[in-house]
Amino acid sequence: MSVLEALDSWPVDNVAAAIVTTEGVVAHGDTARIYELASVTKLLVAEAVLVAVEEGAVELDDAAGPPGATIAHLLAHASGLAFDKREVEAPVGEKRIYSSAGFEVLAETVEAATEIAFADYLAEGVCAPLGLSSTTLDGPAGHGARSSVDDLAVFAAEMLQPRLLSSDLADSAHSVWFPGLDGFVPGYGKHKPNDWGLGFEIRSHKSPHWTGTRNSPSTFGHFGQSGTYLWVDPELAAACVVLTDRPFGAWAKPLWTEFNDAVVDTLVADD
């Protein structure tokens, strides 16, 4: 796809990308290169937690985090926990407070239930069955994974056609949980509402946003402060992965929107 060639003009040292459809993958750049994922990590961690739910090791309504909170609240950033510390900033289920600390609690909860170190559980429950050979969780569960476009393209394909999760659980995870909660998307301001699924941000009608203006409201995914993102648009039956080595900032906002709009236009034209 010629649309991918636009990435060569981005002000980054390294960039790789893939457009994923049910028919295959079109990639660009050194797709085997390992990148820091930052908060794109949360997609992998959420998937591992959902695998634990699928296996019966934990339940979405199990207590976890602050009193009254559950695994579902933590996944959907509705537990009231602060961004980077385990302090309660709001009652459970009243605000969408984006919390990396909450994902650390999730990892510890699954670890306690399975008696398997969470990084190992992620490796065994998600990476091994999907063949994600370059994906590792080397740091905190909220932002400490590393991976490649090759691996994340496979992961994106899994989001389009789930094998690790039942279709019911996958569909639920990719839909809005605790609707109507307001909150901030880091770098993009406050949204009313700030819709989120079980670990997956839901685009809905947020503006501005890191996906394209032409992505459907049902688009879900995540971006990372390391200059990375992955989105899945169910209405297009397609996904896009972009990894760079330049931290997210003002440079990224117009380029990401322009590129994502071009990707959607290309997919629609090819349909």
Side-chain angles (χ1 to χ4, degrees), residues 1-12 14-29 31 35 37-40 42-43 96 98 149 152-153 155-161 173-176 183-197 199-271:
M1 280 186 190
S2 59
V3 64
L4 290 168
E5 295 175 1
L7 298 172
D8 294 333
S9 65
W10 281 18
V12 299
N14 294 282
V15 58
I19 298 170
V20 183
T21 68
T22 53
E23 297 180 354
V25 177
V26 179
H28 183 80
T31 57
Y35 290 86
L37 297 186
S39 284
V40 174
K42 291 182 176 70
L43 299 181
R96 193 85 67 185
Y98 180 74
V149 165
L152 291 187
F155 182 73
E158 170 69 15
M159 300 300 98
L160 289 169
Q161 296 179 308
H174 305 154
S175 302
V176 179
F184 288 86
V185 175
Y188 284 89
K190 189 171 186 177
H191 296 278
K192 299 181 178 183
N194 184 19
D195 288 338
W196 224 279
F200 303 83
E201 187 198 347
I202 311 298
R203 192 199 188 291
S204 296
H205 299 283
K206 298 170 186 171
S207 180
H209 197 253
W210 56 272
T211 60
T213 62
R214 295 176 176 81
N215 280 97
S216 73
S218 60
T219 299
F220 61 87
H222 222 293
F223 87 93
Q225 289 292 329
S226 57
T228 55
Y229 67 78
L230 184 160
W231 57 253
V232 179
D233 192 327
E235 293 189 18
L236 291 172
C240 183
V241 179
V242 177
L243 302 182
T244 81
D245 56 1
R246 181 176 179 181
F248 170 80
W251 70 270
K253 291 184 178 182
L255 291 175
W256 286 8
T257 298
E258 179 182 336
F259 177 73
N260 288 329
D261 281 346
V263 169
V264 171
D265 286 346
T266 298
L267 290 166
V268 170
D270 290 345
D271 209 7

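As the structure is a computational prediction, the values presented were derived from the model and not from experiment.
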request  = Let me see the working for Phe155 and Leu230 under side-chain contact (heavy atoms from CB on, under 4.5 Å), right down to the final yes or no.
outcome  = CA-CA 10 Å; Phe155 182 73; Leu230 184 160; 4.1 Å; yes

message = Tell me if a side-chain donor or acceptor on Thr257 pairs with a main-chain N or O of Pro254 at a distance below 3.5 Å.
response = no

message = If you compare all heavy atoms of Leu243 against all heavy atoms of Leu152, which two are closest, and at what distance to 0.1 Å?
response = CD2-CD1, 3.9 Å

query = Within the side chain of Asn14, is there an N or O that forms a donor-acceptor pair under 3.5 Å with the backbone of Asp245?
reply = no

remark   = Smallest heavy-atom separation, Val3 atom then Thr266 atom, equals CB-OG1, 3.8 Å

message = Show, in sequence, the C-alpha distance, side-chain angles and deciding distance for Trp210 and Phe248, and conclude whether the ring-ring contact (aromatic ring centres under 6.0 Å, His included) test is met.
response = CA-CA 11 Å; Trp210 56 272; Phe248 170 80; 9.7 Å; no

task = For the residue pair Thr244 and Trp251, establish whether any side-chain heavy-atom pair is separated by less than 4.5 Å.
result = yes

key: Distance-only side-chain donor-acceptor flag, Asn260 / Thr211, under 3.5 Å   = no

key: Side-chain heavy atoms of Pro11 within contact of Leu255, under 4.5 Å   = yes

task = Check Leu160 against Ala238 and note the closest heavy-atom contact, atom names and distance.
result = CD2-N, 3.6 Å

ask   = For Val176 and Arg96, which heavy atoms make the closest approach, and how far apart are they?
value = CG1-NH2, 4.4 Å

message = On a heavy-atom basis, which atom in Gly199 and which in Leu43 lie closest, and how many Å separate them?
response = O-CD2, 3.8 Å

inquiry  = Under the ring-ring contact (aromatic ring centres under 6.0 Å, His included) test against Phe220, which residue among Phe200, Trp231, Trp196 passes?
reply    = Phe200

request  = Ignoring hydrogens and angles, tell me if any N or O in the side chain of Lys42 forms a donor-acceptor pair with the backbone of Gly224 under 3.5 Å.
outcome  = no

remark   = CG (Asn215) and CG (Asp261) are apart, to the nearest 0.5 Å, by 7.5 Å

ask   = Can you name the closest pair of heavy atoms from Lys190 and Lys192 and give their distance?
value = CE-CE, 4.0 Å

query = To the nearest 0.5 Å, what is the distance between CZ (Arg246) and OG1 (Thr228)?
reply = 14.5 Å

key: Pair Phe259 + Tyr229: ring centers closer than 6.0 Å   = no

request  = Apply the test side-chain contact (heavy atoms from CB on, under 4.5 Å) to residues Tyr98 and Val185: give CA-CA distance (whole Å), side-chain angles for both, the deciding distance (0.1 Å), then the verdict.
outcome  = CA-CA 7 Å; Tyr98 180 74; Val185 175; over 6 Å; no

query = Picking from His191, Glu201, Lys253, what satisfies side-chain hydrogen bond (donor to acceptor under 3.5 Å, both in side chains) with His209?
reply = Glu201

key: Glu235 side, atom CD; Ser218 side, atom OG - distance, nearest 0.5 Å   = 4.0 Å

